[in-house]
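Presented below is the structure to which this report refers.
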Amino acid sequence: MIYKIYKLLLNHYGYQNWWPAESRYEVVVGVILTQNTSWKNVEKAIKNLKAKNLLDEEKILNISMNELKELIKPAGFYNIKSERLKEITSFIVNNYGSTENMYLSKEPMKVLREKLLNVKGIGKESADSILLYALDRPSFVVDTYTKRLFNRLGILNSEDYEYIKRIFEENIPKDLKVYKEYHALIVEHCKTVCKKKPKCNKCFLKDICLFRF
DNA sequence: ATCCGGACTG
DNA sequence: CAGTCCGGAT
């Protein structure tokens, strides 16, 4: 059933080609900036950084906190996000030199995940997003949307992150492309249809959903 | 005036 | 589990 929903979403929305970024580090920055924030505003912040050619680990570490806050302001939560950006960036630089080198690391995914989770400001969703979209490791990303959609459909009855992650990983092919697309498709569907206040009348899944009005 | 985003910390 | 972080949308 889990895999069937993937095929239905893919057939309906088409490939999303996530994550939109020009470098692995840009994905990391995007992951932090998009916490509790719509992507539209994150794009403005990324654009600011790119305009000053600052989308680089060393440069982010070297600019002042105030300058960083100013640049990422459009993404909101700039006080905490500026700190989190410095945190994850210095973790990467101190342990791997760069995001590209971290990607090349031979460490098992589980080890990489534990290390990411130990960085202040990186929770499960951010860790998995970095693993999947920045480091090309097959770690399924679970978010509020995933929980909402599948609990509404009646396929899941849980809010437990690790449990849901496991269910997905056990029921879809261990294929990077599938992992990346599936999460992206869930986001697309939930942001347009299966919203907090759902638009069930416009939902192409209403016939198989237990939540339909 | 309140809600809500591609959540995290204690 | 609640408290917290910002700005735009409702």
Side-chain angles (χ1 to χ4, degrees), chain A residues 5-6 9-10 13-21 24-49 65-92 113-135 137 139-153 156 158-165 168 176 178-199 202:
Chain A
I5 299 293
Y6 168 71
L9 287 168
L10 181 56
Y13 293 106
Y15 286 103
Q16 304 296 302
N17 297 308
W18 271 24
W19 187 291
R24 301 188 185 283
Y25 182 58
E26 183 178 333
V27 176
V28 173
V29 172
V31 166
I32 299 297
L33 294 181
T34 199
Q35 292 173 348
N36 280 293
T37 305
S38 65
W39 183 251
K40 185 182 66 177
N41 295 323
V42 175
E43 285 181 308
K44 297 176 194 163
I46 301 248
K47 194 174 170 186
N48 285 345
L49 292 170
M65 209 52 128
N66 283 338
E67 185 179 0
L68 184 55
K69 286 180 187 177
E70 206 53 44
L71 290 164
I72 66 172
K73 211 156 203 169
F77 303 95
Y78 50 86
N79 285 307
I80 195 157
K81 285 178 180 176
S82 54
E83 285 184 25
R84 289 178 179 177
L85 270 179
K86 293 268 191 184
E87 284 282 339
I88 184 63
T89 304
S90 55
F91 163 78
I92 291 170
R113 188 169 193 262
E114 284 308 313
K115 289 186 176 177
L116 284 169
L117 288 173
N118 280 329
V119 178
K120 194 170 153 198
I122 304 293
K124 291 173 181 179
E125 183 183 344
S126 294
D128 289 328
S129 297
I130 290 171
L131 285 169
L132 181 59
Y133 294 107
L135 304 178
R137 299 296 201 285
S139 192
F140 198 85
V141 178
V142 175
D143 63 352
T144 311
Y145 288 160
T146 312
K147 295 176 182 173
R148 188 161 76 206
L149 174 59
F150 287 83
N151 280 315
R152 281 179 176 169
L153 283 170
L156 291 175
S158 169
E159 296 291 329
D160 186 272
Y161 190 100
E162 300 294 345
Y163 170 75
I164 296 173
K165 174 180 171 65
F168 274 83
L176 269 181
V178 176
Y179 278 46
K180 290 183 179 182
E181 284 299 328
Y182 204 165
H183 175 65
L185 286 163
I186 290 169
V187 171
E188 178 59 26
H189 181 64
C190 290
K191 136 173 124 173
T192 54
V193 181
C194 200
K195 314 210 273 194
K196 193 153 192 178
K197 190 174 182 301
K199 300 190 178 294
K202 294 204 323 182

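Throughout, a chain's letter reflects where its sequence line sits, starting with A, and its residues are numbered from 1. Since we're looking at a predicted model, the values are computed, not measured.
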When the distance from [atom1] of [X] to [atom2] of [N] is rounded to whole Å, what number comes out?
X	N	atom1	atom2	answer
A/His189	B/dG5	NE2	P	14 Å
A/Ile32	B/dA7	CD1	P	12 Å
A/Asn36	B/dC3	CG	P	16 Å
A/Lys195	B/dG5	NZ	P	9 Å
A/Leu33	B/dC8	CG	C1'	15 Å
A/Tyr161	B/dA7	OH	P	11 Å
A/Lys81	B/dG5	NZ	P	14 Å

Minimal non-hydrogen separation, [X] against [Y], with atom names:
X	Y	answer
A/Leu131	A/Ser139	CD1-OG, 3.7 Å
A/Asn48	A/Pro74	ND2-CG, 3.7 Å
A/Ser129	A/Val31	CB-CG2, 3.8 Å

Would you call the rings of A/Phe140 and A/His183 parallel, tilted or perpendicular if under 30° counts as parallel and over 60° as perpendicular?
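Perpendicular.
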Parallel under 30°, tilted from 30 to 60°, perpendicular over 60°: which one fits the rings of A/Tyr182 and A/Tyr6?
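A/Tyr182 vs A/Tyr6 ring planes: tilted.
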For residues 184-197 of chain A, which side-chain donor-acceptor pairs fall under 3.5 Å, sequence neighbours excluded?
unit_1	atom_1	unit_2	atom_2	d
A/His189	ND1	A/Tyr13	OH	2.7
A/Thr192	OG1	A/Glu188	O	2.7
A/Thr192	OG1	A/His189	O	3.4

Suppose we call two aromatic rings close when their centres sit under 6.0 Å apart. Are A/Tyr179 and A/Phe168 close by that rule?
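No, ring centres 6.0 Å or more apart.
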Range on DNA chain C touched by chain A, heavy atoms, distance below 4.0 Å:
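Contact span on the strand: C/dC5 to C/dA9.
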Counting distance only, does the side-chain N/O of [X] pair as donor-acceptor with the main-chain N or O of [Y] below 3.5 Å?
X	Y	answer
A/Gln16	A/Gly14	yes
A/Glu181	A/Asn17	yes
A/Ser82	A/Ile80	no

When you measure from every atom of DNA chain B, which of residues 40-48 of chain A have a heavy atom less than 4.0 Å away?
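DNA chain B contact set from residues 40-48 of chain A: none.
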If you take any heavy atom closer than 4.0 Å to DNA chain B, which residues from residues 116-128 of chain A end up in contact?
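Nucleic-acid contacts, sorted: A/Val119, A/Lys120, A/Gly121, A/Ile122, A/Gly123, A/Lys124, A/Glu125, A/Ser126.
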Less than 4.0 Å between a side-chain N and a carboxylate O, is that true for A/Lys47 and A/Glu26?
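Looking at A/Lys47 together with A/Glu26, the answer is no, because their closest N to O distance does not fall below 4.0 Å.
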If you look only at pairs with a residue in residues 69-91 of chain A, which of them pass as a salt bridge (charged side-chain N to carboxylate O under 4.0 Å, His left out), with sequence neighbours excluded?
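Salt bridge (charged side-chain N to carboxylate O under 4.0 Å, His left out) check on residues 69-91 of chain A returns A/Glu70-A/Lys73.
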Scan A/Ser129 against the nucleic acid and name what it touches under 4.0 Å (heavy atoms): base, sugar-phosphate only, or nothing.
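The residue A/Ser129 makes no contact with any strand.
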Return one dot-bracket line describing DNA chain C 5' to 3' (Watson-Crick or G-U wobble pairs, both distances under 3.5 Å; ( ) same strand, [ ] crossing, | another strand, . none).
||||.|||||
Can you find a side-chain donor-acceptor pair between A/Asp128 and A/Tyr161 that sits under 3.5 Å?
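Yes, A/Tyr161 and A/Asp128 have a side-chain donor paired with an acceptor closer than 3.5 Å.
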